[in-house]
Q: 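This is the structure I have questions about; it appears just below.
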Amino acid sequence: MDRVIIFDTTLRDGEQAPGFSMNTMEKLEMARQLARLQVDVIEAGFPISSDEDFEATREVAKQVGTLDNAPTICGLKYKLRKSRAEVLKASVDAVRHARAYCEDVEFSPEDASRSDFDYMCDVLSAVIEAGAGTINIPDTVGYAVPREWGERIARIREKVQGVDKVVLSVHCHNDLGQAVANSLTALMHGARQIECTINGIGERAGNASLEEIVMALRTRKDFFVIETGVRTEEIFKTSRLLSHITGVHVQPNKAIVGENAFAHEAGIHQDGVLKEKLTYEIMRPEDIGRPSNKLVLGKHSGRAALASRLKELGFSLAGGELDRTFKAFKDLADRKKEVFDEDLMAIVTDEATQTVAPLYELDYLHVISGTGVVPSATVRLKKEGQTFQDSGVGDGPVDAVLAAIDAITGMKGRLQDYSLRSATSGKDAIGEVAMKIDFDGTLVSGKGASTDVIEASARAYLSALNRVAQPSAQRVKEVGP
């Protein structure tokens with residue numbers, strides 16, 4: 001079967017979307033999961049845009065690009081304003097320069113869906129002659145529609161000299177909701193690399209969604225007769241990790257990874273699925289690593305049972321990592337009757353993204369709130385073996401808790417964004433809180449999870465505060481090209 005290269009740009013194009021910035025440690029965590037997903041190429045950042053992005057890209061290359069069977073790590077560098085002749089010369093010079101450092105150089109003519117076709121083909125022919133090994137055709141503003149886009153790819157294959165010697169790639173945006181359709185159409189006309197992102201994140205309306213493309217090729221292999229090297233069982237875990245890192249969750253009806261993607265409410269659908277799943281399910285939830293059953297574990301369960309179930313969900317934990325997760329699991333099991341797979345995934349991803357050793361830890365929390373009552377909170381924190389306690393008031397219980405934490409730490413953060421979602425159904429579900437806090441001009445993300453949403457909010461705020469409370473913390477900057 002024919003093979004398509006999956007080029008993931010979650011850490012570059014995806015990160016450029018407002019609210020999706022990631023620091024170095026978060027990029028590393030995401031890159032490691034992308035490697036487990038077995039994408040072929042990871043675009044790790046835009047290293048020319050800032051020193052921080054340069055360092056993040058270099059760290060991903062050093063720590064992830066050197067693993068066994070590692071994906072290729074790449075970075076975008078140049079964007080010029082010149083005449084046509086100057087651009088053509090600069091393109092050739094840039095490719096020759098890059099070829100002195102690596103064998104596979106990719107060249108992308110931005111906004112290829114609206115560019116002068118003949119001139120673009122002249123440039124592409126020239127850079128292929130100069131040594132480019134991959135030619136990427138981007139629909140930068142999502143202007144193309146499938147039939148037109150397919151015809152353009154076919155014409156490029158006919159007109160560009162040497163195109164049969166290189167990999168032809170496409171990078172489609174979703175402004176008209178056509179990114180996945182355009183990408184699949186390009187494959188039908190000879191493209192063999194797709195640039196895409198997890199959850200379809202990216203500039204404006206986003207990029208082509210990796211999970212939708214991969215599962216379309218897998219589910220309809222009878223039609224496309226093209227395969228990928230992606231380990232599809234890691235898809236759901238990767239989607240959840242990205243949502244946890246960024247605090248931005250996919251809509252319930254999102255294809256493949258949305259909460260409702262495998263849900264059936266209509267009676268006729270439920271009846272059909274009970275009789276035969278294939279009646280209304282063209283994929284199995286297990287194919288993307290999605291839990292499809294309840295986890296029968298409770299407060300009496302031990303480490304071995306927990307570790308075994310986590311392994312089934314794709315998490316191989318041991319040592320201190322398992323100890324921390326087990327403690328969080330036992331704390332949760334004491335609070336609710338049933339622990340679901342989604343609860344466990346929330347716990348594990350919360351622990352996995354604690355990349356900086358906490359300076360402050362929540363020890364005690366008491367909140368008074370109600371109609372006609374000024375909300376107040378008493379908080380006790382641990383710091384380096386000592387405990388510190390203070391109180392605060394606010395417009396609501398969360399505001400009061402944050403005020404108490406500010407009083408203890410002496411740091412004042414301004415809440416810029418707050419989101420809360422339920423990891424599972426039911427009144428005792430885990431609440432996942434994501435925040436973005438402004439500490440003196442530095443915007444920092446924080447996440448926390450608990451069956452108590454006030455406690456989850458306190459933990460999210462502390463995770464953000466800990467990032468700036470010690471010099472070693474990696475900070476999030478809301479910047480991008």
Side-chain angles (χ1 to χ4, degrees), residues 1-10 13-14 34 37-41 43 106 108-109 111-114 134-158 160 163 166-232 234-236 238-239 250-251 253-258 261 281-284 287-288:
M1 192 177 289
D2 206 352
R3 174 78 150 77
V4 60
I5 298 168
I6 297 298
F7 179 117
D8 183 273
T9 184
T10 301
D13 201 320
L34 289 171
L37 184 63
Q38 295 181 6
V39 300
D40 299 292
V41 184
E43 188 172 22
E106 175 173 318
S108 300
D111 206 8
S113 56
R114 300 188 299 173
T134 301
I135 297 298
N136 178 54
I137 311 300
D139 182 22
T140 306
V141 293
Y143 181 75
V145 292
R147 178 177 174 181
E148 172 192 49
W149 188 240
E151 290 173 351
R152 175 154 285 223
I153 299 302
R155 289 174 62 203
I156 287 172
R157 292 188 68 203
E158 292 172 0
V160 174
V163 72
V166 302
V167 174
L168 189 59
S169 171
V170 290
H171 177 119
C172 299
H173 277 260
N174 206 39
D175 297 71
L176 295 177
Q178 303 297 309
V180 170
N182 283 337
S183 299
L184 294 173
T185 301
L187 290 180
M188 295 167 60
H189 287 82
R192 283 300 178 267
Q193 176 173 289
I194 300 295
E195 303 198 355
C196 46
T197 61
I198 300 298
N199 296 345
I201 69 172
E203 292 271 22
R204 304 177 312 281
N207 288 61
S209 166
L210 182 149
E211 58 274 10
E212 293 178 26
I213 290 169
V214 168
M215 292 310 293
L217 294 177
R218 173 173 171 152
T219 305
R220 293 306 312 275
K221 59 186 176 183
D222 61 316
F223 178 81
F224 291 103
V225 198
I226 300 173
E227 64 179 1
T228 75
V230 170
R231 186 166 182 255
T232 62
E234 292 286 329
I235 284 177
F236 189 63
T238 310
S239 171
V250 299
Q251 71 270 25
N253 64 321
K254 169 72 170 65
I256 314 300
V257 293
E281 288 187 1
I282 59 173
M283 298 167 285
R284 300 183 310 156
D287 290 341
I288 65 165

Q: Is the shortest heavy-atom distance from the side chain of I156 to the side chain of H189 under 4.5 Å?
A: no
Q: Determine the minimum heavy-atom distance between T134 and V166, stating which atoms define it.
A: N-CB, 4.5 Å
Q: Checking T140 against D111: is there a side-chain donor and acceptor pair closer than 3.5 Å?
A: no
Q: Counting only heavy atoms not in R3, do more than 12 fall under 6.0 Å of its CZ?
A: yes
Q: Determine whether N207 and H173 satisfy the following criterion, side-chain contact (heavy atoms from CB on, under 4.5 Å), listing intermediate values before the conclusion.
A: CA-CA 4 Å; N207 288 61; H173 277 260; 3.5 Å; yes
Q: Looking at every heavy atom in both G258 and V250, which two are closest together, and how far apart are they?
A: CA-CG2, 4.2 Å
Q: How many angstroms lie between OG1 in T228 and CD1 in I6, if you round to the nearest 0.5 Å?
A: 5.5 Å
Q: Going by side-chain contact (heavy atoms from CB on, under 4.5 Å), name the residues that satisfy it together with V145, two or more places apart in sequence or in a different chain.
A: E148
Q: Could you walk me through whether I198 and V257 satisfy the side-chain contact (heavy atoms from CB on, under 4.5 Å) test, starting with their C-alpha distance in whole Å, then the side-chain angles of each, then the deciding distance to 0.1 Å, before giving a yes or no?
A: CA-CA 10 Å; I198 300 298; V257 293; over 6 Å; no
Q: Between T10 (side chain only) and G14 (backbone N and O only), is there a donor and an acceptor less than 3.5 Å apart?
A: no
Q: What's the spacing between C172 SG and D139 CG if we round to 0.5 Å?
A: 5.5 Å
Q: Which atom pair, heavy atoms only, marks the closest approach of N174 to A205?
A: O-CB, 3.4 Å
Q: Determine whether I5 and I194 make a side-chain contact, defined as any pair of heavy atoms from C-beta on separated by less than 4.5 Å.
A: no
Q: To the nearest 0.5 Å, what is the distance between CZ on R284 and OG1 on T219?
A: 11.0 Å
Q: Measuring only between side-chain heavy atoms, which start at C-beta, is E106 closer than 4.5 Å to E43?
A: no
Q: Apply the test side-chain contact (heavy atoms from CB on, under 4.5 Å) to residues L187 and R192: give CA-CA distance (whole Å), side-chain angles for both, the deciding distance (0.1 Å), then the verdict.
A: CA-CA 6 Å; L187 290 180; R192 283 300 178 267; 4.3 Å; yes
Q: Give, for atom CG of D287 and atom CE of M215, the distance between the pair rounded to the nearest 0.5 Å.
A: 5.0 Å
Q: Can K254 and S209 be counted as having a side-chain donor-acceptor contact under 3.5 angstrom?
A: yes
Q: Could you check L184 against L217 for side-chain contact (heavy atoms from CB on, under 4.5 Å), going step by step and ending with a plain yes or no?
A: CA-CA 8 Å; L184 294 173; L217 294 177; 4.0 Å; yes
Q: Of the options I256, L37, V214, which is the one that meets T232 in a side chain to side chain contact (heavy atoms under 4.5 Å, CB included)?
A: V214
Q: Do other residues, nucleotides or ligands put more than 12 heavy atoms under 6.0 Å from R147 CZ?
A: no
Q: Taking the side chain as C-beta and beyond, is there a heavy-atom pair between P138 and P109 under 4.5 Å?
A: yes
Q: Has the side chain of D40 got a donor or acceptor atom that lies under 3.5 Å from a matching backbone atom of F7?
A: no
Q: Would you compute the distance between atom OG1 of T9 and atom NE2 of H171 and round it to the nearest 0.5 angstrom?
A: 5.5 Å
Q: How close do D222 and V225 get, counting heavy atoms only, and between which atoms?
A: O-CG2, 4.0 Å
Q: Could you tell me the separation between the OG atom of S169 and the CD atom of E195, rounded to the nearest 0.5 Å?
A: 4.0 Å
Q: Side chains of E211 and I288, heavy atoms from C-beta outward: is any pair under 4.5 Å?
A: no
Q: Does V160 reach the side chain of I135, with side-chain heavy atoms less than 4.5 Å apart?
A: no
Q: Show the numbers, then the answer: is there a salt bridge (charged side-chain N to carboxylate O under 4.0 Å, His left out) between E151 and R155?
A: CA-CA 6 Å; E151 290 173 351; R155 289 174 62 203; over 6 Å; no
Q: Looking at every heavy atom in both A191 and I153, which two are closest together, and how far apart are they?
A: N-CG2, 4.5 Å
Q: Answer yes or no: is there a donor N or O on one side and an acceptor on the other, between the side chain of S183 and the main chain of A179, under 3.5 Å?
A: yes
Q: Would you say the side chain of I137 lies within less than 4.5 Å of the side chain of L168, judging by non-hydrogen atoms?
A: yes
Q: Has N182 got a side-chain atom pairing as donor or acceptor with A144's backbone, closer than 3.5 angstrom?
A: yes
Q: Is it true that, when you exclude F224 itself, more than 12 heavy atoms of the residues, nucleotides or ligands shown sit nearer than 6.0 Å to its CZ?
A: yes
